[in-house]
Structure formats: structure tokens, C-alpha cells
Amino acid sequence: MERPAVETLKVDVAIIGGGTAACAAAVALREAGLTVAVLEKRLCGAGASGVNFGGVRQQGRDLAELPLSRRARALWDGLDAKLGEAVEFEATGHIKLARSEADMAVLEAYARDAAAHGLDLQLLGPNALRAEMPWLGPAVVGASLSPTDGQANPRVVGPAYARLARRRGAQVREHAPVRHALHDGAGFAVEAEGVAVRSRILVNAAGAFAGTVAGWFGEAAPVAPLAPNMVVTEPLPILVTRSIGVVGGDVYLRQTRRGNVVLGGGRGTADVADGLARPVAATSLGAMGRTLTLVPDLAHAQVIRTWSGLDGEMPDHIPVIGPSATTPGLLHAFGFSGHGFQLGPVVGEILAELATQGRSASPLHPFRIERFAGWQGGPPRSEGEIEH
């Protein structure tokens with residue numbers, strides 16, 4: 001049988017992965033005048049970028065991420081105009097609830113630390129909290145509010161960036177899983193389904209598959225699959241006016257403009273080999289039960305869908321962003337550990353800075369891949385916060 005023809009492309013930058021960060025990088029690189037090819041195994045924005053909670057939050061992040069998150073937040077205000085499409089971003093505020101005095105102490109300590117990075121959080125006691133949200137259940141004793149945070153529709157952001165990248169002239173190839181990549185001394189050679197790409201620079205933005213890609217270049221990257229377990233209800237009268245999280249991250253919820261309540265908590269099952277993840281019924285029920293302790297008025301809401309998807313998680317729960325330690329011209333951006341949605345637009349800009357200038361305006365030292373050199377530990381497995 002005759003083999004199908006393989007197209008050959010030669011570009012400045014090849015990007016493995018088609019999530020929001022990858023497609024945002026393609027846009028920024030084209031705006032800088034570089035030629036770009038994006039190689040996505042399924043559809044752009046359909047992986048971790050599209051299956052998450054949709055939180056656009058600075059609050060609750062690892063302090064190392066806050067400078068990136070602060071920079072990213074400024075981009076979200078102008079995202080509709082940049083993309084030429086509505087991504088349903090609303091600065092509803094993100095409120096993190098305390099269910100004990102110990103939880104409240106955690107919020108107080110974080111607010112002090114975050115203030116050093118310019119993030120102003122408002123601590124609310126039970127009276128002030130219930131003055132705004134009288135529908136909260138009795139388990140809640142206080143909260144921390146980040147008024148400039150909010151939410152957006154994750155299903156539309158990644159695809160909108162991909163469409164903009166195409167309009168800017170990037171070669172965006174979907175259903176093109178990458179089989180292998182190497183550096184042959186003259187540049188990178190990338191073999192994908194139906195296409196072979198040569199490039200000066202290679203970006204590894206392959207999500208849960210990124211550890212395999214890093215391994216092709218002799219780098220340890222202990223990426224484990226992370227599958228958020230998500231639930232959505234029928235449209236309801238507007239009740240939940242803020243994006244809500246809790247200390248510990250075992251449940252989170254928000255209500256869309258249409259009235260659907262999106263909630264999550266716990267993890268689904270993941271299979272990196274087939275690239276799929278599935279929700280777990282018992283986990284969904286657990287998240288519903290925890291939601292009802294926060295918002296009892298949702299007791300009669302009808303659930304219409306549950307889902308999951310694949311993200312990549314690092315042992316220290318912060319991403320790898322920056323240049324390879326082994327291969328000049330190789331850039332990494334992966335392992336966002338369940339909270340990469342808000343960062344996607346700025347990570348794209350950072351990758352373009354690294355490709356064009358060899359450095360970034362943002363501090364990247366905490367995210368260097370070298371921190372896993374000689375890694376001997378097992379993959380991460382934690383029920384910690386995975387609220388995107």
C-alpha cells in the first residue's frame with residue numbers, strides 16, 4: 001500500500017502542543033516576524049486549556065507564580081479586542097472561603113505574603129461575608145476576596161487564539177500528533193502525522209506528554225497526568241456572583257452569565273497513552289455534597305453534564321517555563337498543575353520573548369527545568385488545589 005505523502009515545512013519556530021499558551025506564543029511570534037508551525041494531536045484548545053474550571057485568579061497561587069499571574073491579569077481586560085472574539089471574561093472577583101479558624105489563619109498569612117507582590121486581598125469576617133452572600137451555609141466562617149479576579153469560558157479561549165494565529169500567518173496543524181523530535185546539529189527535525197517540520201527553535205508545550213518530549217533531549221521532567229473532575233448544572237437564576245474557592249481546594253464553583261453553575265473537586269481518571277480522561281461518578285457526587293455545604297440553595301439543581309481532561313502536574317505543583325538545560329533553542333512551557341488557564345496569554349508572550357531576545361521580562365528562575373535534574377522521586381499525587 002502506498003504511504004500518504006508527508007508535507008515538509010521549514011519555519012523559525014515549531015511548537016508541540018496546541019493549548020492556549022502554545023497558540024498565544026504563535027500569535028506573539030508572528031507579531032515579532034517569525035514563521036511558526038503549531039502541531040496539535042487533536043484540536044487546539046481541547047486539552048487542559050479547554051476542560052478546566054475557567055477561573056481567572058491571582059489569589060491562592062504559589063508566590064513564585066504571582067509575578068506572572070499579575071502580568072497575565074492585565075492581558076485579560078483586553079483579550080476580546082485582541083482576539084476579535086468574546087471569551088466571556090468577567091472580573092467577578094474570586095473569593096476563597098474558610099471553613100475553620102485554622103483556614104482563616106491560612107488566608108491571613110497568604111494575604112500578608114501576597115501584598116508584597118502588589119496583590120491586595122480583602123479579609124472578610126462572618127458578618128461582612130454574609131452581608132454580601134447571605135446564602136452561604138453555616139460551615140463558612142470567613143473569606144479572602146480578590147476583587148480584580150474573575151472567570152472566563154475556557155472552551156473558547158484556546159480556539160480563539162488558534163484562529164488568530166492562523167490569521168497572523170502561523171501554520172496551525174491539528175490532528176498532527178508528534179512522533180519524535182531531535183536536534184541534528186543544524187536545527188530541529190520534528191516528525192508528526194502527515195507533516196515533517198524543520199525549525200531553528202522548538203517549543204515543548206505538550207501538556208501531559210511534555211515529559212516524553214523533554215526526555216527526547218535528555219532532560220528529566222517528572223510530569224504526571226492530572227484530570228480535574230468537573231460538573232455543570234442546568235441554567236438557574238443568578239445566585240453565585242463571585243468565583244468561589246475554599247482553603248484546601250477540594251471544591252470550587254462559579255455561575256455563568258447563562259445561569260449554569262460550574263463546579264469541581266477531586267480528580268477523574270487519566271490515560272496518557274490514549275490522551276483521554278474521564279470523570280468519576282463518586283467524585284462528582286462528593287463535589288456536589290461539598291458544594292451544598294457552601295451553597296445549600298443549590299440542593300434542587302439538576303446536573304446536566306460531567307467531564308474531565310488531561311493536564312500535566314509537577315511534583316512541586318508549579319510549571320516548567322524556560323530554556324532547556326541540554327539543548328540550545330529548545331524552550332519548555334508545561335506542567336501547569338491544574339492552574340494554568342489564567343497564565344496562558346502571558347506564557348505565550350514569555351515564550352516569544354525567549355525566542356526573540358533570549359530572556360524574559362518576567363522572573364523565570366523558579367520554573368527552570370534544571371530543578372528536576374537527577375530526579376529520583378515518584379510522580380506527584382496530591383488532592384491539593386487544582387482550581388484553574
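Since the structure is predicted, the reported quantities are computational estimates derived from the model, not experimental observations.
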- Query: Quick one: salt bridge (Lys or Arg N to Asp or Glu O under 4.0 Å) partners of Arg30, sequence neighbours excluded?
  - Reply: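 Checked Arg30 against salt bridge (Lys or Arg N to Asp or Glu O under 4.0 Å); zero matches.
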- Does Glu174 come within less than 4.0 Å of Arg42, counting only side-chain N to carboxylate O?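 Salt bridge: no.
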Looking at every non-hydrogen atom in both residues, tell me the closest pair between [X] and [Y] and how far apart they are.
X      : Y      : answer
Trp307 : Val51  : NE1-O, 2.8 Å
Val251 : Val246 : O-CG2, 3.5 Å
Ala98  : Met104 : CB-N, 3.6 Å
Ser284 : Asn229 : OG-ND2, 2.8 Å
Arg242 : Ile95  : CB-CG2, 4.0 Å
Gly18  : Val38  : CA-CG1, 4.1 Å

- Query: Do the non-hydrogen side-chain atoms of Asp311 and Ser337 ever get within less than 4.5 Å of each other?
  - Reply: no
- Should we count CZ of Arg179 as having more than 12 external heavy atoms under 6.0 Å?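 It does: Arg179 CZ has more than 12 such atoms within range.
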- Query: Above 12 or not: heavy atoms from other molecules or residues under 6.0 Å from CZ of Arg130?
  - Reply: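 Yes, because the 6.0 Å sphere around CZ of Arg130 holds more than 12 heavy atoms from other groups.
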- Message: Classify the ring geometry of Trp76 against Phe341: parallel below 30°, tilted from 30° to 60°, perpendicular beyond 60°.
- Response: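 Trp76 and Phe341: tilted rings.
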Just checking, any donor-acceptor pair under 3.5 angstrom between side chains of [X] and [Y]?
X      : Y      : value
Gln58  : Asp149 : yes
Glu88  : Thr256 : no
Gln59  : Arg61  : no
His332 : Glu219 : yes
Thr233 : Asn260 : no
Glu65  : His339 : yes

- Message: If we check side-chain contact (heavy atoms from CB on, under 4.5 Å) with Leu226, which of these qualifies: His317, Glu313, Met314?
- Response: Glu313
- Task: Answer yes or no for Arg200 and Phe188: cation-pi contact, defined as NZ/CZ to six-membered ring centre under 6.0 Å and angle to ring axis within 45°.
- Result: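 The answer is no, since Arg200 fails at least one limit relative to Phe188.
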- CA sep, side-chain torsions, deciding dist, call: Leu107, Leu121, side-chain contact (heavy atoms from CB on, under 4.5 Å): CA-CA 9 Å; Leu107 295 178; Leu121 301 176; over 6 Å; no
- Message: Return the CG to OG1 distance between Asp120 and Thr148, rounded to the nearest 0.5 Å.
- Response: 8.5 Å
- Message: Whether the side chain of Arg99 engages the backbone of Val141 through a donor-acceptor N/O pair (distance < 3.5 Å, no angle test) should be reported.
- Response: no
- Query: Just by modelled atom types, is the Pro228 backbone N or O under 3.5 Å from a matching donor or acceptor in the Ser308 side chain?
  - Reply: yes
